[in-house]
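Counting begins at 1 with the first residue of the sequence. Here the structure is a predicted model, which is why all the values come from computation and not from measurement.
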Amino acid sequence: MTETARRDSAPGTILVIDDDETNRYVLTSWLRRAGHTVIDAADGAQGLAVLDARETPLPEAAVIDVHLPDMTGFEVCERIKADPNTASLPVIHVSAVAIEAVDHTEGLSRGADAYLDQPVDPEEFLATVTAALRYVRARRRAERLTRRLATLNRATLDVYRAVGFHSFAAAATGGAATLMSGPATAIFLSPQGQPVHSHATGPEAAPVSLPVRSEVLDRLAAYTLGSDTGAEVRLMPHSQWKALLPLDPIEGDVVLVVARTKRNRPPVCVAVPAAAALGTDERELLQQLVNASALALEALRTFNEEHALALALQRTFLPDRLPSVPGVSLAVRYLPASDHAEIGGDFYEALETPDGLLLAIGDVAGHSLVAATVMGEIRHALRAYALEGHPPHHVLERLDALLAHTRPGLTVTLCLVLVDRDGSRIHVANAGHIPPLLLAPDGSAGYLHEHGPLLGLRLPHPPARVHPVAPDTRILLITDGLVEVRTQNLDDSLAAFRSATLEGPRELEALCDFLLGSFGEDKEDDIALLAIELGPGPAA
């Protein structure tokens, strides 16, 4: 007999309702000798009161005489089955009078699970009670498993959709506590290489972090998986557990699950009190959650590594310094997207050409490593065409042809501003990008709205528009990551940005910091801001 079958057949708590003292004594005596705990009642009302009182231990089955002084046993059974709290309680009818087939039919049709005629053989009676206990325990175990499977599904989804390591740690630890309906402890290595010991006191408690030594993970892995991959479940004695984690709140022996998805990677370890995972079902559910957590953490670790690599690559495509031009001040701010967003293709450039100082700002469509790579290709081609002395709109035409040939289907926005050598005029050629903002010395501000088509569409680009500028004029070039808000019209965002520039500091570097602080918080896209001030004064 399996351990589950032995538990299902073990003695339980039985409610006996019979008004005949002799019969009640005989039945309760047989039950007690078989190891059962018995609660007895002399009529239907007393028996129902026992169930309503939710006494401990709660009855797991009821033996009910058919003829009772206040109501029939059939009525008692119907009331038991009608109450959601007792509907699963097995009812065994016994009777020395109602012994005809029609009586059996009525009793069973009104909710009874078994029907015995008296005099009844003691062995048959006890066997019937044991069968009823097996049935109700198996049913409750199945219901509990169904609820836990739903909990496992929710916990797994929470683990997989966690954004960042801290939310992952909370989801994994809290999910184990909810799944096991008790305290849970998790130990893992963060993507940054920091050992983390997380503990939740119960399903509703927020996980807290505790100190842990870096070698604890290795010792837990050695106790279970060794250097293998997969998931392993082991019982760890209390003394060994406390020797490794003296501050952990779990007392007593623990069930430890350790999972690793790749060799030479740190494992994910989760422990719960041994009493919470006695059965095979509970241990398998916990093992599935820990395995899912290991997969999710590995994906998070891989994403962090690839994101860091992509950011490093992206930075190599950007200028390492701005040119120093007499009488011109330059400032730039570049803010990559958040750690959890995909890498973008925003870029900027400031370059001395034969015709003057060329400023450029652009954005490759999409968010991926491909976007960052194309950004590097466009920027290097831009430098080459500009240094050849081509005017701005011819530079756009050549970039458009290059992009359509090498990256068909991909589009790029790009705004070019060429400052004449004497600083008296600017030439603006814009391929679908956010217009530059010109801040005049008299305190007025306006966008230069001339536009051409996006790069990559193979459409003609109009000649650059020429604007005379006075000393102390400032020009701001931005990407949409700074001003775009999903719930707001872009024109409204640009108007708010224009107003902020008029209210912000006059000095260029301070203005850039002010604008980034006002508009750059909690954005999911890259941000580029390139600013220039024309007129007397030292170079930036």
Side-chain angles (χ1 to χ4, degrees), residues 5-144:
R6 279 194 293 271
R7 288 202 306 270
D8 286 351
S9 301
T13 301
I14 313 299
L15 172 64
V16 176
I17 306 176
D18 197 322
D19 61 322
D20 187 299
E21 291 187 11
T22 302
N23 286 341
R24 193 165 69 248
Y25 173 78
V26 170
L27 295 176
T28 57
S29 296
W30 290 346
L31 290 167
R32 288 191 175 102
R33 281 199 296 270
H36 298 285
T37 300
V38 181
I39 303 172
D40 61 317
D43 57 36
Q46 288 183 16
L48 292 172
V50 169
L51 297 175
D52 289 339
R54 307 287 186 264
E55 294 185 6
T56 304
L58 291 172
E60 293 183 271
V63 178
I64 305 176
D65 184 20
V66 172
H67 286 281
L68 297 171
D70 54 347
M71 64 184 81
T72 68
F74 300 151
E75 292 175 296
V76 176
C77 178
E78 283 182 327
R79 291 174 63 172
I80 289 173
K81 299 297 183 177
D83 186 344
N85 294 313
T86 57
S88 63
L89 184 74
V91 172
I92 302 169
H93 278 318
V94 292
S95 180
V97 178
I99 59 175
E100 301 298 327
V102 66
D103 300 315
H104 287 213
T105 300
E106 182 177 3
L108 294 172
S109 64
R110 293 175 71 172
D113 298 275
Y115 200 116
L116 299 174
D117 295 333
Q118 290 183 321
V120 60
D121 180 76
E123 297 300 324
E124 181 185 1
F125 173 71
L126 293 174
T128 302
V129 170
T130 299
L133 290 175
R134 283 200 304 268
Y135 162 75
V136 72
R137 288 166 178 170
R139 175 176 173 174
R140 289 173 179 169
R141 190 171 63 253
E143 292 172 347
R144 185 167 59 252

Open item on the list: For Y115 and F74, take the angle between the two ring planes, folded into 0 to 90°, and tell me which bin it lands in: parallel under 30, tilted 30 to 60, perpendicular over 60.
Closed with: tilted
Return yes if some donor-acceptor pair links the side-chain N/O of [X] with the main-chain N/O of [Y] below 3.5 Å, else return no.
X: R24; Y: D18; answer: yes
X: D40; Y: T28; answer: no
X: H36; Y: T13; answer: no
X: R140; Y: S88; answer: no

- [ ] Not counting sequence neighbours, which residues clear salt bridge (Lys or Arg N to Asp or Glu O under 4.0 Å) with D113? List them please.
- [x] K81
Open item on the list: Taking salt bridge (Lys or Arg N to Asp or Glu O under 4.0 Å) as the definition, give me every residue that meets it alongside R134, ordered by chain and number, with sequence neighbours left out.
Closed with: none
Work out which heavy atom in [X] is nearest to a heavy atom in [Y]; give both atom names and the distance.
X: G47; Y: I17; result: CA-CD1, 3.6 Å
X: D65; Y: S95; result: OD1-CA, 4.0 Å
X: H93; Y: A112; result: CD2-CB, 3.4 Å
X: P59; Y: V50; result: CG-CG1, 4.5 Å
X: V66; Y: A98; result: CG1-CB, 4.1 Å
X: D19; Y: L68; result: N-CD2, 4.0 Å

Task: D20 versus H67, side-chain donor and acceptor atoms under 3.5 Å - done: no
- [ ] Please determine if R79 and E75 form a salt bridge, counting it only when a charged side-chain N lies under 4.0 Å from a carboxylate O.
- [x] no
Open item on the list: With a 4.5 Å cut-off on side-chain heavy atoms, are R137 and E60 touching?
Closed with: yes
